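Here's the structure, in structure tokens; my notes come after.
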Amino acid sequence: MVFNQKQLKIMGYMMSVSFLFIHIVMFSMFYKNHVMPMVYVNIFSIIFYALMPILVYKDMLMQFSLFIMIEVDVHMFLAIIFTGWEAGFQITLVGMLILAFYSEYTGRSQKIKYLKTWPVGLCILVTYITAYVLQHFYPPQYKLSEGTLFFLHIFWGIVVFFIVIAVLQNFVMLIVRSTENLERLMSHDELTGLPNRYYISAYIDHILKDNTINDCWVAIIDIDDFKKVNDTYGHNCGDYVITRIAEIISMSHEYEPCRWGGEEFILIGRKKSGIENVEKLMNMLREAIEKENFIYEGTKLNVTITIGIAEHASELSVESWIDRADEKLYIGKQSGKNKVVL
């Protein structure tokens with residue numbers, strides 16, 4: 001998910017508390033093993049994370065991220081130098097790289113100042129290699145007990161893997177949600193929320209593959225004198241009328257509705273009995289819209305629709321089928337409007 005500013009601040013507070021807890025644990029562990037240089041470093045880190053919520057409170061999130069990256073980088077470098085590679089502190093640098101990547105993403109999505117991943121990653125890489133080279137040629141000054149090493153590997157494993165799993169799981173959810181939103185944007189009309197031509201084309205392809213199209217009917221709906229509505233009351237009023245009609249059309253589950261374009265809608269349904277019942281259904285829809293109270297900014301509007309219906313025949317292509325319904329619609333328009341033509 002994409003976090004808003006408030007959620008990012010809550011995450012900042014939680015991160016400060018979490019890192020404060022980690023350094024209290026590290027302080028106790030180093031003190032127990034008499035690694036005094038790291039005891040002093042962790043005293044600084046504890047004070048550091050106790051004060052970090054101030055930056056979060058002041059919305060200094062980029063500075064917050066930068067200071068955390070520096071603190072972790074320096075702390076882990078010194079921990080490796082003093083206690084050696086086998087203590088496993090280097091694994092935390094991988095976790096910080098994941099957090100740096102996510103920090104850049106959230107910064108970009110919120111259009112706020114952010115750290116770029118590549119310079120942070122480069123610094124972490126330099127720290128990683130430098131620490132390895134130094135501890136390789138210069139043995140660590142302190143040796144941790146077997147019990148402490150066992151604890152550290154489990155502790156850092158849990159911390160780092162939790163970070164990696166949490167961030168990657170969040171990205172999976174984000175990608176799935178973004179894909180679903182993109183598919184909906186492609187297949188649905190923005191104004192009415194109804195399926196659009198792209199969706200209905202896919203639906204027709206589906207019933208063609210099922211070989212059930214001969215059981216289907218199509219109806220084209222046109223709002224009568226819609227241009228007068230726009231010219232008299234404005235396009236916002238026109239949008240209101242289209243949206244209300246879309247809502248009324250969507251109340252039935254007898255067909256697949258679609259905004260065909262402009263003031264036109266198309267419906268595709270399956271005959272449960274004779275085509276006469278489809279005509280009856282469309283007349284009920286026409287009457288519902290005729291009786292509906294369309295009121296825009298205190299003005300009552302008289303809105304009617306004309307509908308052309310065509311049942312599918314085996315000799316018809318999809319285009320010819322829809323054209324036949326359009327021809328019926330044209331007949332209705334030319335013969336007085338506000339009617340259903342079969």
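It should be emphasised that the depicted structure is a prediction, and the values quoted were computed from it without experimental measurement. FYI, side chains are in, hydrogens and waters are out, and symmetry mates aren't considered; it's all heavy atoms of this structure.
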Taking atom [atom1] of [X] as the centre, does the number of heavy atoms from other residues, nucleotides or ligands within less than 6.0 Å exceed 12?
X	atom1	value
Glu290	CD	yes
Phe162	CZ	no
Tyr240	OH	yes
Tyr203	OH	yes
Glu315	CD	yes

Can you find a pair of side-chain heavy atoms, one from [X] and one from [Y], that are under 4.5 Å apart?
X	Y	answer
Met282	Leu267	yes
Leu329	Asp326	yes
Gln90	Tyr132	no
Phe89	Met26	yes
Ile245	Val303	yes
Phe77	Ile124	no
Leu301	Cys237	yes
Phe19	Phe48	no

Going by distance alone, is a donor N or O of one side chain under 3.5 Å from an acceptor N or O of the other, for [X] and [Y]?
X	Y	value
Lys32	Ser28	no
Asn214	Ser314	no
Thr148	Asn33	yes
His206	Asp210	yes
Thr130	Thr127	no
Arg184	Asn181	no

Are [X] and [Y] linked, directly or through other ILVMFWY residues, by side chains that come within less than 4.5 angstrom of each other?
X	Y	value
Tyr102	Phe67	yes
Val72	Phe44	yes
Met14	Val167	no
Ile322	Ile221	no
Val164	Phe155	yes

Straight-line distance of [X] [atom1] to [Y] [atom2], nearest 0.5 Å:
X	Y	atom1	atom2	result
Lys143	Leu149	NZ	CG	7.0 Å
Leu342	Ile309	CG	CD1	5.5 Å
His312	Ile204	NE2	CD1	9.0 Å
Lys9	Lys58	NZ	NZ	11.5 Å
Trp118	Cys123	CH2	SG	9.0 Å
Glu263	Ile305	CD	CD1	12.5 Å

> For Arg324 and Glu319, what are the C-alpha separation, side-chain angles and deciding distance, and is it a salt bridge (charged side-chain N to carboxylate O under 4.0 Å, His left out)?
Replying inline: CA-CA 9 Å; Arg324 181 170 290 187; Glu319 292 76 13; over 6 Å; no
>> Checking Ser16 against Phe64 for the side chain to side chain contact (heavy atoms under 4.5 Å, CB included) test, could you report, in this order, the C-alpha distance in whole Å, the side-chain angles of both residues, the deciding distance, and whether it holds?
In response: CA-CA 10 Å; Ser16 297; Phe64 172 81; 3.3 Å; yes
> Where do Phe30 and Phe82 land on the ring pair (Phe, Tyr, Trp, His ring centres under 6.0 Å) test, with the steps shown first?
Replying inline: CA-CA 11 Å; Phe30 284 123; Phe82 284 115; 8.9 Å; no
> Given His34 and Tyr142, is the ring pair (Phe, Tyr, Trp, His ring centres under 6.0 Å) satisfied, shown in steps?
Replying inline: CA-CA 8 Å; His34 306 292; Tyr142 300 89; 9.4 Å; no
[X] versus [Y], closest heavy-atom pair with distance:
X	Y	result
Asn230	Gly238	OD1-CA, 3.3 Å
Lys328	Val341	O-CB, 3.5 Å
Ile207	Cys216	CD1-SG, 3.8 Å
Leu194	Pro257	CD2-CG, 3.9 Å
Leu316	Ser320	CD2-CB, 3.9 Å
Glu247	Met251	O-CG, 3.2 Å

> Taking the six-membered ring of Phe294 as reference, does the NZ or CZ atom of Lys300 fall below 6.0 Å from its centre and within a 45° cone about the axis?
Replying inline: no
> Is the NZ or CZ atom of Arg270 both under 6.0 Å from the centre of the six-membered ring of Trp217 and within 45° of that ring's axis?
Replying inline: no
>> Check for me whether the distance between the ring centres of Tyr49 and His23 falls short of 6.0 Å.
In response: yes
>> Using ring centroids (six-membered ring only for Trp), state whether Trp85 and Tyr128 fall under 6.0 Å.
In response: yes
>> Quick one, Phe171 with Phe101, criterion ring pair (Phe, Tyr, Trp, His ring centres under 6.0 Å). Give me CA distance, side-chain angles, the key distance, then yes/no.
In response: CA-CA 11 Å; Phe171 268 101; Phe101 175 76; 5.5 Å; yes
> Checking salt bridge (charged side-chain N to carboxylate O under 4.0 Å, His left out) for the pair Asp205/Lys209: CA distance, chi angles, key distance, verdict?
Replying inline: CA-CA 6 Å; Asp205 288 342; Lys209 289 178 181 177; over 6 Å; no
> Does the salt bridge (charged side-chain N to carboxylate O under 4.0 Å, His left out) test come out yes or no for Arg259 and Asp189, once each step is laid out?
Replying inline: CA-CA 7 Å; Arg259 187 180 178 194; Asp189 175 57; 3.2 Å; yes
>> Using a strict threshold of under 4.0 Å (side-chain N to carboxylate O), is an ion pair present between Glu276 and Lys280?
In response: no
> Run the side chain to side chain contact (heavy atoms under 4.5 Å, CB included) check on Asp222 and Ile307 step by step: do they pass?
Replying inline: CA-CA 7 Å; Asp222 186 83; Ile307 307 175; over 6 Å; no
>> Among Lys333, Lys337, Arg286, Lys339, exactly one meets salt bridge (Lys or Arg N to Asp or Glu O under 4.0 Å) together with Asp224. Which residue is that?
In response: Lys333
> Does the side chain to side chain contact (heavy atoms under 4.5 Å, CB included) test come out yes or no for Asn42 and His75, once each step is laid out?
Replying inline: CA-CA 8 Å; Asn42 276 275; His75 182 280; 3.1 Å; yes
> When you look at Phe265 and Ile220, which way does the side chain to side chain contact (heavy atoms under 4.5 Å, CB included) test go after all the steps?
Replying inline: CA-CA 6 Å; Phe265 300 86; Ile220 298 181; over 6 Å; no
